[in-house]
Asks: 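Sending over a structure as structure tokens; questions will come in a sec.
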Protein chains: 2
Amino acid sequence: MSHSETVDRILDAAELLFAEKGFTETSLRMITSKAKVNLAAVNYHFGSKNALIQAVFSRFLDPLSHMMEQGIRELGWRTGQADHFELEDIFRLYTQSLLKIPTRHKNGISNFMRLLGLAYSQSQGHLRKYLEQEYSRALVSFMRLIKACTPELTPEERFWRIQFTLGTIAFSMSSIQPLTEILENSANAQAKPERVVELLVPYLVAGLKAKPVLPPKV
Amino acid sequence: MSHSETVDRILDAAELLFAEKGFTETSLRMITSKAKVNLAAVNYHFGSKNALIQAVFSRFLDPLSHMMEQGIRELGWRTGQADHFELEDIFRLYTQSLLKIPTRHKNGISNFMRLLGLAYSQSQGHLRKYLEQEYSRALVSFMRLIKACTPELTPEERFWRIQFTLGTIAFSMSSIQPLTEILENSANAQAKPERVVELLVPYLVAGLKAKPVLPPKV
DNA sequence: TCAGATATCAAACGTATGTTTTAAACAATT
DNA sequence: AATTGTTTAAAACATACGTTTGATATCTGA
């Protein structure tokens, strides 16, 4: 697959539509008509709809995971040096990387977080498999850092708290619009990702650092 | 729509399949073949696929919302009496109600939480509208209680923290099964909803009670 | 300049979907 | 026993989907 104007237009349209409607609910005809390209272009350039979905994720996730790994390396963080850094620093690193990613259209970040949430909740088998084997390294290093910062937790409780944390991130960043509509809260018009992140990080840290329920193994 | 054996069999099959695959990814033919009823039965009894989706939610949500409202009434909680109860009590009330709901098949709760998560993330327009107008009262009373317990938060920060909280609940409860599969960690084999809830509540309370980022209005 | 690769296009293919139809079987009431 | 309303059954309907085809246009490099 070479790199043409058409490819980018397809990816742009697909990213928006997938985030808005979901994967199955978005047809190739919607995408190609929004991108103003021929219907066959998707199968020509990407091979299949599933491959297009994966390509949408790659375009965002590749620079992101790269930036995160670099950030960890630059700070010289090592597992086992838990006293040298704090949970908040980790989240700041990740969220700053996230906000720095150049996006094609505005709201690109919350748009993409919504995609991540969909990938997680919607059981798109092929996508989960793809993301796992493609970006497992980044996830593993993240887990290591969390572990180093929460030595007081049993593995089980740590596991679940990490899941809660990931869930909170994916969900809250992804569904900003729906809930604001439900709550009819007009005070939240300024729902920029930067603002949400600012409020989110302390919330996550507090949850992870809460007094453990399970007694530690002695 | 009368109440026959066929209706229940359809609802049972639909509940399982929707939770497993999502709404769009589940066809009426899958449902009717699993329920061992005729294809036309769905449109006869429910009218349409969308109406069936809503019926699945009603069967679970009606007793749940009723039980929750009753719980609040029995405890005599009133807004403005924040010193009489704690956040943890509220969550316990809700989670206990949730766990007490009789389900048709085992794993019914996590099954249904997964459905709720899907309804939340997947932008099924008709479903969101239906849930809003049908169960807004329960949500509003929940918000009131949270507000009474977190007077130190600005409306904006409280709004977002509630958002984070709801996201965490929906997300974590819905992805219990997928995660346990990923884990393969025998230490976490006991991933029963009761167990997860036990770990979840303190996490949520800590997040809501975290030191506020935004300065309070004086 | 002109072949050869690359990209676009309109049209069609096969399949699966939600829904409707028509007829038959069943149940309950008169 | 006949009639009515209700439920099942099989088949067909129209539509939308992802994908493929084959012809045409566009670009590229020698």
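Since this is a predicted model, take the numbers as computed values, not measurements. To find a chain, count down the sequence lines: A is the first, B the second, and so on, and within it residues start at 1.
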Asks: So, is A:N43 close to the D:dT19 phosphate, meaning a side-chain N or O under 4.0 Å from OP1 or OP2?
Replies: yes

Asks: Where along residues 26-38 of chain A does a heavy atom fall under 4.0 Å from DNA chain C?
Replies: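 Only A:R29, A:N38 qualify.
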
Asks: Atom CZ of B:F46 and atom C1' of D:dT6: how far apart are they, to the nearest Å?
Replies: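 Nearest whole value for this atom pair: 16 Å.
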
Asks: In whole angstrom, what separates B:L39's CG from C:dT20's C1'?
Replies: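 Whole-Å distance recorded here is 10 Å.
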
Asks: Is a salt bridge present between A:R114 and A:E20, judged by a nitrogen-to-oxygen distance below 4.0 Å?
Replies: no

Asks: Which heavy atom of B:I146 sits nearest a heavy atom of B:I90, and at what distance?
Replies: N-CD1, 4.3 Å

Asks: Counting only side-chain nitrogens and oxygens, does A:H45 get under 4.0 Å of the OP1 or OP2 atom of C:dT8?
Replies: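 True: A:H45 side-chain N/O within range (under 4.0 Å) of C:dT8 OP1/OP2.
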
Asks: Rounding to a whole Å, what distance do you find between A:D8:CG and C:dA7:P?
Replies: 13 Å

Asks: How long is the line joining CZ of A:F23 and P of D:dC17, in whole Å?
Replies: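 In whole Å, D:dC17 P and A:F23 CZ are 17 Å from each other.
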
Asks: Round to a whole Å and report the spacing from NZ of A:K49 to P of D:dC17.
Replies: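 Between P of D:dC17 and NZ of A:K49: 9 Å.
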
Asks: Would you sort out whether B:Y203 and A:T165 count as a side-chain hydrogen bond (donor to acceptor under 3.5 Å, both in side chains), showing the intermediate values?
Replies: CA-CA 9 Å; B:Y203 178 94; A:T165 303; 2.9 Å; yes

Asks: Between A:T32 and A:N38 (side chain of the first, backbone of the second, donor and acceptor by atom type, cut-off under 3.5 Å), is there such a pair?
Replies: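 The answer is no, because no donor-acceptor pair under 3.5 Å joins these two groups.
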
Asks: Can you measure A:E25 atom CD to C:dA16 atom C1' for me and round it to whole angstrom units?
Replies: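 Whole-Å distance recorded here is 16 Å.
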
Asks: C:dA7 C1' sits how many Å from A:R9 CZ, rounded?
Replies: 13 Å

Asks: Looking at CE of A:M68 and CZ of A:R73, how far apart are the two atoms once the value is rounded to the nearest 0.5 Å?
Replies: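 Output value for this atom pair is 13.5 Å.
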
Asks: Go through D:dT7, C:dA11, C:dA7 for me and flag the one nearest to the B:Y44 side chain.
Replies: D:dT7

Asks: Nearest of D:dA9, C:dA11, D:dT8 to any side-chain atom of B:A40?
Replies: D:dA9

Asks: Determine: side-chain N/O of B:T6 to OP1/OP2 of D:dT8, distance under 4.0 Å, yes or no.
Replies: yes

Asks: Once rounded to the nearest 0.5 Å, what's the spacing between atom CG of A:L127 and atom CZ of A:F23?
Replies: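 Going from the CG atom of A:L127 to the CZ atom of A:F23 covers 5.5 Å.
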
Asks: Distance-only criterion, 3.5 Å: show the donor-acceptor pairs between side-chain atoms of residues 53-63 of chain B and protein atoms not counting sequence neighbours.
Replies:
residue: B:Q54; atom: NE2; partner: B:H126; partner atom: ND1; Å: 3.2
residue: B:S58; atom: OG; partner: B:Q54; partner atom: O; Å: 3.2
residue: B:S58; atom: OG; partner: B:Y130; partner atom: OH; Å: 2.2
residue: B:R59; atom: NH1; partner: B:D12; partner atom: OD1; Å: 3.0
residue: B:R59; atom: NH2; partner: B:D12; partner atom: OD1; Å: 3.0
residue: B:R59; atom: NH2; partner: B:E15; partner atom: OE1; Å: 3.0
residue: B:D62; atom: OD1; partner: B:Y135; partner atom: OH; Å: 2.8

